[in-house]
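Remember, predicted model here, so these are calculated numbers, not experimental data. Whatever order the structure lists ligands and atoms in, that order sets their numbers, starting from 1.
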Amino acid sequence: MKKSFVLDFVLFLLASPILLAKGMVALGRKWGSWRSSYRVRTICENCGTVMSMVGLWRCKCGYTYKGHLLRLCPVCRTMPAMVRCYQCGVTEKLPEP
Ligand SMILES: [Zn+2]
Ligand SMILES: [Zn+2]
């Protein structure tokens, strides 16, 4: 009984750095996507134009607003999922929050 407890404890000690590392990687990924989704501008993959996230935006429900793209629509409560290039009209999917 006591021996298996010690063994469990040793296994836990051995496993915890792995769990910690896994947790750090998951946290880092989350932080990375959060940072990229809150940047102010992005580059159009089609024409290379710098697309500003701050401007005039229209939600799919028709609500039009001025400011940062990433905000909840006050009418339909949805978050924008893509950004449209002003130059060529190509849309780029935004990273999931
Ligand atoms: Zn473009
Ligand atoms: Zn809307």
Side-chain angles (χ1 to χ4, degrees):
M1 192 74 177
K2 202 179 178 201
K3 201 179 170 192
S4 82
F5 171 76
V6 171
L7 191 70
D8 276 356
F9 187 67
V10 170
L11 283 176
F12 172 76
L13 280 185
L14 284 174
S16 55
I18 300 166
L19 291 176
L20 198 73
K22 275 187 181 169
M24 295 287 268
V25 167
L27 206 72
R29 274 208 202 116
K30 214 174 169 119
W31 173 241
S33 73
W34 183 83
R35 264 181 55 188
S36 62
S37 69
Y38 277 83
R39 65 195 166 177
V40 180
R41 51 180 60 91
T42 186
I43 308 281
C44 173
E45 278 181 17
N46 184 49
C47 67
T49 301
V50 176
M51 297 185 273
S52 177
M53 295 273 195
V54 181
L56 201 65
W57 304 104
R58 186 197 293 268
C59 177
K60 62 186 175 189
C61 72
Y63 178 77
T64 309
Y65 61 96
K66 198 179 174 205
H68 198 283
L69 170 70
L70 291 168
R71 51 172 279 185
L72 271 180
C73 173
V75 177
C76 65
R77 315 298 292 171
T78 55
M79 195 76 171
M82 60 187 180
V83 58
R84 186 184 298 274
C85 174
Y86 279 124
Q87 282 309 107
C88 65
V90 161
T91 50
E92 193 186 325
K93 195 178 173 298
L94 293 165
E96 304 284 330

In this structure, the Zn ion (ligand 2) sits at the vertex of an angle between SG of Cys73 and SG of Cys76 that rounds to 10° as 110°
> Should the pair Arg71 and Tyr65 be classed as cation-pi, given the thresholds of under 6.0 Å to the six-membered ring centre and 45° from the axis?
Replying inline: yes
Leu56 and Tyr86 have their tightest heavy-atom pair at O-OH, 3.1 Å
Distance filter < 2.8 Å from the Zn ion (ligand 1), protein N/O/S hits 4
Sorted by chain and number, sequence neighbours left out, side chain to side chain contact (heavy atoms under 4.5 Å, CB included) with Leu72 holds for Arg77, Met79
Value for CE (Met51) from OG1 (Thr91), rounded to nearest 0.5 Å, stands at 9.0 Å
Output for pair (Lys93 NZ, Met82 CE), nearest 0.5 Å, gives 10.5 Å
Hey, does Thr78 have a side-chain heavy atom less than 4.5 Å from the side chain of Cys59?
-> yes
